[in-house]
Amino acid sequence: MQRLDLHFYQKYDTLTLAKELLGCELVHESPEGRTAGIIVETEAYLTGDPACHAYRKKTARNAAMFGPAGSVYVYLIYGMYHCVNIVSAEEGRGEAVLIRALEPTEGIGLMQQRRAEKKGVASTTFTVRELCNGPAKLVRAMGITLADHNAGSLLDGANLYITSPKQTDFEVVTTTRIGITQGAELPYRFYIGGSRFVSKK
DNA sequence: GATAGGATCTTCT
DNA sequence: GAAGATCCTATCC
């Protein structure tokens, strides 16, 4: 599979990119091993959208969201969990695609270890379906961290990247976004119809 | 299976 | 002081 290049991230507006990323594979080559999963659920956050972290001013927390297309925005949510976004649009604009769920394809044992380590339970606790069916869960399972990946890149030699689509034969379902109150009516969430790995139906 | 409440930190009012 | 792009646990069917 081919690593997606700068052209791919620049080619689409953020809403289109959120849909185009479905079926692509997110890969992390860490010192502990390689983990990967097919992106099955995304949400778009746009300029002028009150739910977007870049809606107000640039702060230390959201600075990475203003980076160039193909870079990574990781943030702390609810003081406890992390979520990962793919920055889109041109540098300085502040738009991104939140990755909400993956279908695990590689390094499932390592994903189970990472999830179990956090909770202090046996690694056999988690079924494959439960490993990455939520934005903070997949960040944990993939070993993505604020220190290593926030404001980093998916391009060139980066250890985190996305491949060209592994699946294309599916229906894209569009709904409103999960867990927000501002902009709650906007239809900016997309997922692969029929997937067992999405966070919610 | 469904629902309610808690954990814990950054940002904004 | 309150809310937030979440997840986990307890408790109740």
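A note on names: the letters A, B, ... follow the listed sequences, proteins ahead of strands, and every chain is numbered from 1. Since the structure is predicted, the reported quantities are computational estimates derived from the model, not experimental observations.
A/Y75 has its ring centre no less than 6.0 Å from the ring centre of A/H82.
Distance, A/K200 NZ to C/dA5 P: 13 Å, rounded to whole Å. Following rounding to the nearest Å, A/L76 (CG) and C/dA3 (P) show an atom-to-atom distance of 19 Å. Atom CG in A/D49 sits about 14 Å away from atom P in C/dG4, given to the nearest Å. Atom CD of A/E130 and atom P of C/dT6 are 18 Å apart (whole Å).
Close to C/dC8, at under 4.0 Å from its OP1 or OP2, lies a side-chain N or O of A/R115. Within the structure, every side-chain polar atom (N or O) of A/T59 is placed at least 4.0 Å from both OP1 and OP2 of B/dT10. Residue A/R189 places no side-chain N or O under 4.0 Å from the OP1 or OP2 atom of C/dA5. The side chain of A/R177 contributes no N or O atom lying less than 4.0 Å from OP1 or OP2 of C/dG4.
Smallest separation of non-hydrogen atoms from A/I86 and A/I162: CD1-CD1, 3.9 Å. The two residues A/V198 and A/A101 have their closest heavy-atom pair at CA-CB, 4.0 Å.
On the P atoms, C/dA5 is 22 Å away from B/dT3, given to the nearest whole Å.
Side-chain contact check for A/Q2 and A/T163: no donor-acceptor pair (N or O, by modelled atom type) lies under 3.5 Å.
Using N1 to N3 plus N6-O4 or O6-N4 for Watson-Crick, or N1-O2 and O6-N3 for G-U wobble, each under 3.5 Å, B/dT8 pairs with nothing. For C/dA5, there is no paired base (Watson-Crick or G-U wobble, both distances below 3.5 Å). Taking a pair to require two hydrogen-bonding distances under 3.5 Å in either a Watson-Crick or a G-U wobble arrangement, C/dC13 remains unpaired.
Across C/dT6, B/dC12, B/dA7, the shortest atom-to-atom separation from the side chain of A/I77 is found for C/dT6. When distances run from any side-chain atom of A/Y81 to the nucleotides B/dA7, C/dA5, B/dT11, the shortest one goes to B/dA7. If you check B/dT10, B/dC12, C/dA5 against the side chain of A/Y45, the one that comes closest is C/dA5. Considering only side-chain atoms of A/R61, the nucleotide from C/dC7, B/dT10, B/dT8 that sits closest is B/dT10. Distance from the side chain of A/A60 is smallest for B/dT11 among the nucleotides B/dA7, C/dA5, B/dT11.
Residue A/A136 is in sugar-phosphate contact alone, with no base atom involved, counting any heavy-atom pair closer than 4.0 Å across all strands shown. Within 4.0 Å (heavy atoms only), A/I180 reaches sugar-phosphate atoms of the nucleic acid but no base atom.
Around atom NZ of A/K200, no more than 12 heavy atoms belonging to other residues, nucleotides or ligands sit under 6.0 Å away.
The aromatic ring of A/Y75 does not sit over the base of C/dA5, since the test of centres under 5.5 Å and planes under 30° is not met.
No hydrogens or angles were tested; on distance alone, nothing pairs the side chain of A/Y78 with the base of B/dA7 as donor and acceptor under 3.5 Å.
Comparing A/S199 and A/Q182 by the nucleotide of DNA chain C whose heavy atom lies nearest to each, the residue mapping closer to the 5' end is A/Q182.
In this structure, the side chains of A/L131 and A/Q112 come closer than 4.5 Å at one or more pairs of heavy atoms.
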